[in-house]
Amino acid sequence: MLDIRGFVDVDWAGDMDQRRSKSGYVFNLFGGAVIWMNNKQYVVVLSTTEAEYNEATHASKEAIWLQRFCSSMGLVQGAIRIDYDNQSAIFLAKNPEYHSNTKHIDIQYHFVRDMTEDKKVLLVKVDTLKNTTRALTKSVSLRSSLGVEKQWAL
């Protein structure tokens with residue numbers, strides 16, 4: 001059995017100029033980072049929950065791709081655990097009931113709900129300070145400690 005584990009973090013409206021959220025995810029295979037991403041979200045969102053839910057969708061799509069890639073090589077992986085520090089987004093993904101406060105969230109972002117319901121992705125609450133991906137959405141010094149961004153001196 002493979003040991004794929006994901007981590008997600010978002011800095012809501014972290015870009016002070018455009019008010020877009022900074023987000024990122026990391027997937028580890030046997031403890032080593034194999035896929036990671038950090039960037040500004042494409043849309044301005046109205047709440048932390050929406051920003052986090054959007055990123056959970058992108059991370060879930062990546063998790064499914066990684067699961068299928070491993071499967072094509074004959075490597076078995078059950079539900080991929082994704083550690084996440086936002087309880088509201090986890091609740092929204094696990095609860096398919098209609099929520100009047102979230103009706104504005106685009107249908108495309110409900111992919112994470114489907115993957116959670118199908119038990120292909122397992123969103124797990126993790127303490128913010130233990131969220132490895134926090135390094136991708138915060139300061140540059142944290143990012144370099146993760147080992148995914150090098151600082152080059154000229």
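The first residue of the sequence shown is numbered 1, and numbering continues consecutively from there.
How far CD1 of Ile35 is from CD of Glu62: 4.5 Å, rounded to the nearest 0.5 Å. Note that the CG atom of Asp9 and the CG atom of Asp83 stand 11.5 Å from one another [nearest 0.5 Å]. Note that NZ of Lys119 and CD1 of Ile80 are 15.5 Å apart. Values are rounded to the nearest 0.5 Å.
A side-chain donor from one of Gln18 and Lys40 sits under 3.5 Å from a side-chain acceptor of the other. Between Tyr25 and Glu55, the side chains place no donor N or O within less than 3.5 Å of an acceptor N or O (distance only, hydrogens not considered).
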>> Run the side-chain contact (heavy atoms from CB on, under 4.5 Å) test on Leu123 and Val112 for me, step by step, so that the C-alpha distance in whole Å, both residues' side-chain angles and the decisive distance to 0.1 Å come before the verdict.
In response: CA-CA 9 Å; Leu123 294 178; Val112 67; 4.0 Å; yes
>> Could you walk me through whether Lys22 and Asn38 satisfy the side-chain contact (heavy atoms from CB on, under 4.5 Å) test, starting with their C-alpha distance in whole Å, then the side-chain angles of each, then the deciding distance to 0.1 Å, before giving a yes or no?
In response: CA-CA 7 Å; Lys22 296 178 183 178; Asn38 72 307; over 6 Å; no
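One N or O on the side chain of Ser21 and one on the backbone of Ala13 form a donor-acceptor pair closer than 3.5 Å. A donor-acceptor contact shorter than 3.5 Å links the side chain of Gln77 to the backbone of Ile4. Judged by distance alone, the side chain of Gln67 and the main-chain N or O of Gly78 form a donor-acceptor pair under 3.5 Å. Asp118 places no side-chain N or O within donor-acceptor distance of the main-chain N or O of Lys120, the cut-off being under 3.5 Å.
The side-chain heavy atoms of Ile82 and Ser60, taken from C-beta on, include a pair separated by under 4.5 Å. Inter-residue side-chain proximity for Ser23 and Asn39 is flagged as met; some heavy-atom pair is nearer than 4.5 Å. Taking 4.5 Å as the limit, every side-chain heavy atom of Thr48 sits out of range of all side-chain heavy atoms of Val10.
Between Arg113 and Ala93, the shortest heavy-atom distance links the atoms CG-O, 3.3 Å. Pairing each heavy atom of Tyr84 with each of Tyr53, the nearest pair is OH-N, 3.8 Å. Across all their heavy atoms, Lys125 and Asp85 have their closest contact at NZ-O, 3.2 Å. Between Thr116 and Lys94, the shortest heavy-atom distance links the atoms CG2-CG, 3.8 Å. In this structure, Ala51 and Trp12 approach most closely via the heavy-atom pair CB-CD1, 3.8 Å.
Between Arg5 and Asp3, none of the side-chain N atoms (NZ, or NE/NH1/NH2) sits under 4.0 Å from a carboxylate O, so this pair counts as no salt bridge.
Leu122 and Val126 fall into different hydrophobic clusters, defined by Ile, Leu, Val, Met, Phe, Trp and Tyr side-chain heavy atoms under 4.5 Å apart, directly or through other members. Note on Val124: it does not cluster hydrophobically with Leu2, by side-chain heavy-atom contacts below 4.5 Å among ILVMFWY residues.
Applying the side chain to side chain contact (heavy atoms under 4.5 Å, CB included) test to Asn28 and every residue at least two apart in sequence or in another chain returns Phe7, Val26, Ala33.
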